[in-house]
Structures are given as C-alpha cells and as structure tokens.
There are 2 protein chains.
Amino acid sequence: MTSSAPLSARAVATRQRILDAALVEFAAKGLAGARVDEIAARAGTNKRMLYAYFGAKEALWLTALEAAYAAKRAEEEDLDVAHLPPRAAMARLVAFNLRYTARHPEFVALLNQENLHQAVYLRRSLDVPALYSPLTDMLRDVLARGAEQGQFRADVDALQLYLSIVALGHFTVANRHTLSAIFGQDLGSEAALAAREAHAVEMVLGYLRP
Amino acid sequence: MTSSAPLSARAVATRQRILDAALVEFAAKGLAGARVDEIAARAGTNKRMLYAYFGAKEALWLTALEAAYAAKRAEEEDLDVAHLPPRAAMARLVAFNLRYTARHPEFVALLNQENLHQAVYLRRSLDVPALYSPLTDMLRDVLARGAEQGQFRADVDALQLYLSIVALGHFTVANRHTLSAIFGQDLGSEAALAAREAHAVEMVLGYLRP
DNA sequence: CTCCGAAGTAACTAGTTGGTTACTTCGGAG
DNA sequence: CTCCGAAGTAACCAACTAGTTACTTCGGAG
C-alpha cells in the first residue's frame with residue numbers, strides 16, 4: 001500500500017516518471033503482456049520504488065487509466081464552442097474528438113484493454129465522475145442551439161450522436177494496424193487524417209440537417 | 001510443425017474444438033493473458049494434441065484470427081443487396097455490419113488485440129485476400145446505383161464511408177464495458193441495439209442525401 | 001480380433017515474472 | 001557537515017507457463 005503522507009518534489013517526479021512509463025508499456029503490451037521490470041527501467045528507476053508508490057501492477061494499471069481519462073477531460077474542458085454558431089461548434093466537437101484520439105493512440109489502446117478486462121479495474125475507480133466526458137454536455141447545448149435556430153433537426157438522441165462522434169474518431173486509431181495490413185494504406189498520415197476529419201464532419205452535419 | 005497429411009474426421013473434430021476454445025480464451029484474455037492449458041481443457045483435449053496440431057501458441061492465435069475473418073467473410077458473401085433499391089440496400093449493409101459485431105464481440109476483441117500487436121501476426125498470414133471484406137465492393141455498387149438514380153450524392157469516398165459504417169458498429173461493442181461503467185446503461189440489450197441501428201442507418205443515409 | 005495412429009496422461013524443463021527482503025548509496029534540508 | 005528518507009541494488013522466492021518427453025490408452029478401420 002502506498003504511503004499517504006505528502007510526497008516530496010523528488011518523490012512526485014519519480015512517481016510521475018513511473019506513471020508515464022507505465023502508460024507507454026501498458027498501451028504497447030496490455031496489462032498481461034506488460035513487464036514491471038520494463039516499466040521501472042523506462043522510468044529510470046527500479047521495481048522497489050514502483051512497488052513503494054503503487055503497491056501492485058494492477059494498481060498501477062488503474063492509476064494509469066485514470067490519468068489517461070483525466071488528461072482527456074482536461075483538454076475537453078479547454079474546448080470552448082459556446083461562442084460558435086451551431087454548425088461550426090459541432091464541426092469543432094467532431095474534429096476535436098477525432099484529432100484527440102489520433103494524437104493519443106495510447107488512450108485508445110488502454111480503453112480497448114480495459115474492455116478486455118470487462119472494465120473490472122475501472123469499476124474500482126473511486127472517481128467515476130472524473131471519467132465522465134464534458135463533451136456530452138457541450139453536445140447537448142450545441143444541439144439545442146442548432147435546433148432553436150432551425151439548423152439542426154430537433155429529434156436527436158444526444159447519447160447516440162455522442163457514441164457516433166467518438167466512434168468515428170476512435171475506430172480508425174484502434175484498428176489502424178489491421179486496416180493497414182488489409183488495405184495497404186497508412187491511415188495515420190496527415191493527409192489521411194484530414195480526409196477522415198472532413199468526412200466525419202460532413203457525416204455528422206449531414207445527419208443533423210433538418 | 002503440424003502434420004500436412006490429410007486429417008481423419010476425428011482429428012478434424014479435435015482440431016476444430018481446439019480452435020473454438022482458443023477463440024473464446026483469446027477473446028476473453030488476449031494472447032498474453034490466455035493460457036494454453038485452459039484452451040486445451042475447454043476443448044476437452046490436452047496440450048499434447050494442441051501442440052501437435054498448431055505447433056505454438058502464437059500459431060494458434062493467427063489461425064483463430066484467420067478463422068474469425070473467414071467466418072465474417074462467409075456471412076458477408078451471403079448478403080445479397082443487388083436486388084434492393086439503393087437506400088434499402090445501404091440500410092441493409094449498415095444494419096448487417098452493426099448486428100454482426102453485436103453478435104460477435106469475440107471478433108471485435110481479436111481485432112483490438114491484433115492492433116495491440118501492431119498486426120504482426122496478421123501480416124504473417126498467407127491468405128490476405130481472404131481478409132478483404134466483400135462489403136467494400138457491395139458498397140461501391142450500391143453507391144454507384146444510388147448516384148445514378150439521384151438518391152445519393154455522387155462524390156462519396158467509398159473507403160471513408162466503409163470505415164464509418166464499420167466504426168458505427170464496432171465502437172459500441174469494443175467499448176461496451178467502459179461505456180456501461182461510465183453511462184450506467186447496458187448497450188447490449190436488444191432495445192439499445194435497435195436504437196443504435198436506427199441511428200446508424202439514419203446517419204449514413206443523411207450523409208448520402210444529395 | 002488386430003493394428004496403428006490419435007489421443008491422453010503425467011512428469012518434466014527452462015525460463016519468466018510479480019513481488020519481497022535486506023541491505024547500500026544518494027541527495028536535499030537543516 | 002550531518003542526518004534521514006528517497007532511491008537504488010541485487011539476490012531471492014514462489015508461482016506460473018509454454019513447450020517437451022516418454023510413455024499408456026483409446027478408437028476406428030480392416
């Protein structure tokens with residue numbers, strides 16, 4: 001069990017390096033395939049300290065997962081679309097989400113792994129509200145404003161649309177290796193991402209057309 | 001290395017039971033987390049025969065993955081939309097894909113795992129064309145017919161649309177556990193699937209509207 | 001009934017790995 | 001400079017696991 005006393009600056013730095021290294025190793029190898037020695041080595045520290053701070057491999061996994069959710073939430077909170085007209089705001093939300101997953105394939109990998117675990121670790125998280133995406137509230141607001149102004153249909157299920165927006169971004173990142181093996185194209189290039197983003201935005205806006 | 005002589009009916013049956021058991025275990029635990037003893041036990045056989053037929057755990061993984069792709073391809077080949085009007089045909093393709101992944105979460109799990117491996121095993125497959133989905137060709141045909149009849153826009157990127165159709169079905173299955181943990185809803189119920197299907201069809205058709 | 005390959009059993013090997021113990025060394029605060 | 005907690009080192013343990021070996025038993029074809 002980790003100490004609950006406040007950590008010194010040096011201790012905080014070591015802990016953070018372990019967490020960063022864990023993110024890389026868990027994203028590349030999954031929980032079962034990740035190696036504790038490898039994480040410690042990548043962090044420039046040792047197993048002793050890893051166990052001192054995190055207690056167990058599984059506890060490190062959950063902390064890394066929570067940190068990944070928190071990082072996404074923080075970027076979402078910086079997203080301000082309230083001042084944009086509805087269509088531009090919606091395009092912004094779709095593009096943000098697609099680009100976020102493209103920039104953070106490790107987040108996508110962790111989600112996939114946690115679903116393999118049937119979200120067993122996530123359910124042990126004590127901070128579930130922190131996992132909730134502010135995107136859903138922004139989406140509701142933009143949908144309401146769009147409908148009021150006659151730019152969007154009024155009968156949209158916000159949860160369904162949220163799932164679709166996230167799906168459009170998530171899927172190609174999650175499957176980029178098998179898709180590349182089959183279609184022989186690099187889906188991670190800037191050109192491919194730009195095409196993907198344009199398509200996703202058009203798809204969502206096409207759906208919302210009254 | 002497995003024997004290349006034709007197998008007896010009994011041998012074929014044992015091999016198939018091992019493959020079926022492997023699919024379950026790999027889908028639940030991933031390659032690194034799966035246990036060979038567990039696969040053998042679930043198949044009602046033993047490690048000796050597993051190694052006799054497959055040679056190594058990784059070879060079993062690739063064979064299970066190829067079998068999963070082949071099973072999907074076989075069902076896709078049974079899908080006949082050529083006689084349907086374009087909109088109905090497109091709705092059919094979208095619904096088929098969404099329902100296929102809902103019925104086969106193990107396929108989704110294997111894809112996610114293979115992307116974790118960066119498709120290293122899939123690239124060793126000697127039968128890459130078998131992995132190619134007939135859906136893409138059907139999609140091109142339906143898009144062309146729809147554009148000819150003025151029911152679809154004419155400037156659609158078929159690959160982008162294919163990725164989106166698959167994404168709409170794949171994502172909620174791939175993330176059903178983390179989404180349930182966060183949103184507190186069972187996305188696998190028939191009601192949820194029906195809502196998801198209706199939404200996905202509307203989204204694609206909305207996008208295709210001229 | 002016989003025969004032989006399939007199938008099964010059990011022990012084994014060699015290596016791996018999460019986690020622990022028992023120290024020594026380091027680095028920053030006072 | 002001293003002190004003490006952080007950090008590191010190295011050996012260790014116990015359990016696990018992929019894969020192998022050396023058999024025995026089973027089951028179907030002839």
Side-chain angles (χ1 to χ4, degrees), chain A residues 1-26 28-65 113 116-117 120-121 124, chain B residues 1-26 28-65 113 116-117 120-121 124:
Chain A
M1 192 65 69
T2 60
S3 168
S4 56
L7 299 173
S8 70
R10 196 182 178 210
V12 166
T14 304
R15 186 180 185 282
Q16 188 59 54
R17 290 204 318 277
I18 292 171
L19 209 45
D20 292 345
L23 183 61
V24 173
E25 176 78 357
F26 284 139
K29 305 289 177 58
L31 171 57
R35 295 290 167 257
V36 177
D37 280 289
E38 187 59 36
I39 294 171
R42 175 175 279 120
T45 184
N46 54 82
K47 272 204 293 190
R48 187 67 200 81
M49 293 316 301
L50 189 152
Y51 284 101
Y53 287 121
F54 295 96
K57 190 186 187 188
E58 295 185 350
L60 179 56
W61 165 264
L62 177 53
T63 308
L65 186 58
Q113 270 288 297
L116 189 78
H117 311 146
V120 157
Y121 301 103
R124 292 177 193 164
Chain B
M1 192 63 71
T2 61
S3 168
S4 57
L7 300 174
S8 71
R10 192 178 179 214
V12 166
T14 303
R15 186 179 185 284
Q16 187 60 52
R17 290 203 320 278
I18 293 172
L19 209 45
D20 293 344
L23 184 61
V24 173
E25 176 77 356
F26 284 141
K29 304 289 176 62
L31 171 57
R35 297 289 168 258
V36 177
D37 279 289
E38 189 58 37
I39 295 171
R42 174 175 279 124
T45 182
N46 54 82
K47 273 206 289 191
R48 186 69 200 80
M49 294 315 302
L50 189 151
Y51 284 103
Y53 287 121
F54 295 97
K57 189 185 186 188
E58 294 185 350
L60 179 55
W61 165 263
L62 177 54
T63 308
L65 187 59
Q113 271 287 299
L116 189 77
H117 310 145
V120 156
Y121 301 103
R124 291 177 194 165

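Computation of the quantities below employed the complete heavy-atom set of this structure, encompassing side-chain atoms and omitting hydrogens, waters and symmetry-equivalent molecules. Values in this document were obtained by computation on a predicted structure and should not be read as measured data. Labels below follow one simple rule: chain letters A, B, ... track the order of the sequence lines, proteins then strands, and each chain is numbered from 1.
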- [ ] Would you check, one step at a time, whether the test side-chain contact (heavy atoms from CB on, under 4.5 Å) holds for B:Phe26 with B:Leu65?
- [x] CA-CA 9 Å; B:Phe26 284 141; B:Leu65 187 59; over 6 Å; no
Open item on the list: C:dA7, OP1 or OP2 - any side-chain N/O from B:Thr14 closer than 4.0 Å?
Closed with: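 Indeed, a polar side-chain atom of B:Thr14 lies that close.
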Task: D:dC16 OP1/OP2 closer than 4.0 Å to side-chain N/O of B:Arg35 - done: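 For B:Arg35, the contact criterion (side-chain N or O under 4.0 Å from OP1 or OP2 of D:dC16) is not met.
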[X] [atom1] to [N] [atom2]: how many Å, rounded?
X       : N      : atom1 : atom2 : value
B:Leu50 : D:dG19 : CG    : P     : 9 Å
B:Met49 : D:dT21 : CE    : C1'   : 15 Å
A:Arg15 : D:dA6  : CZ    : P     : 14 Å
B:Lys57 : D:dG19 : NZ    : P     : 7 Å
B:Arg17 : C:dA6  : CZ    : P     : 15 Å
B:Ile39 : D:dG19 : CD1   : P     : 10 Å
A:Asn46 : C:dG19 : CG    : P     : 15 Å
B:Asp37 : D:dT20 : CG    : C1'   : 13 Å

Task: Contact state string [nucleotides 20-30 of chain C, B base, S sugar-phosphate only, - no protein heavy atom under 4.0 Å] - done: BBB----S---
Task: Distance, nearest 0.5 Å, that separates OH of A:Tyr121 from OG1 of A:Thr63 - done: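 Those atoms lie 12.5 Å apart.
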Task: Straight-line distance of B:Ile39 CD1 to B:Asn46 CG, nearest 0.5 Å - done: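 Reported value, rounded in 0.5 Å steps: 13.0 Å.
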- [ ] Indicate yes or no for a side-chain donor-acceptor contact from A:Lys57 to the backbone of A:Leu31 under 3.5 Å, with no hydrogens or angles considered.
- [x] yes
Open item on the list: On a heavy-atom basis, which atom in A:Leu50 and which in A:Ile18 lie closest, and how many Å separate them?
Closed with: CA-CD1, 3.8 Å
TODO: Give A:Ala34 one of three labels, base, sugar-phosphate or nothing, depending on what nucleic acid heavy atoms sit under 4.0 Å from its own.
DONE: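 Sugar-phosphate, backbone atoms only, no base.
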Open item on the list: Just to be sure I understand the rule, does B:Gly44 reach a base, reach only the sugar-phosphate, or reach nothing, if contact means heavy atoms closer than 4.0 Å?
Closed with: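 Result for B:Gly44 = sugar-phosphate.
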Task: Watson-Crick and G-U pairing of DNA chain C written in dot-bracket, each distance under 3.5 angstrom, with | for inter-strand partners - done: ||||||||||||||||||||||||||||||
Open item on the list: Assess whether a salt bridge exists between B:Arg42 and B:Glu25, defined as any Lys/Arg side-chain N lying under 4.0 Å from an Asp/Glu carboxylate O.
Closed with: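 The answer is yes: the pair qualifies as a salt bridge.
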- [ ] I would like to know whether B:Leu116 and A:Lys29 meet side-chain contact (heavy atoms from CB on, under 4.5 Å); could you show each step before the answer?
- [x] CA-CA 7 Å; B:Leu116 189 77; A:Lys29 305 289 177 58; 5.9 Å; no
Task: Any B:Arg17 side-chain heavy atom under 4.5 Å of B:Val12 side chain - done: no
- [ ] Please list, chain by chain and in numerical order, all residues satisfying salt bridge (Lys or Arg N to Asp or Glu O under 4.0 Å) with B:Arg124, sequence neighbours excluded.
- [x]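 Checked B:Arg124 against salt bridge (Lys or Arg N to Asp or Glu O under 4.0 Å); matches are B:Glu58.
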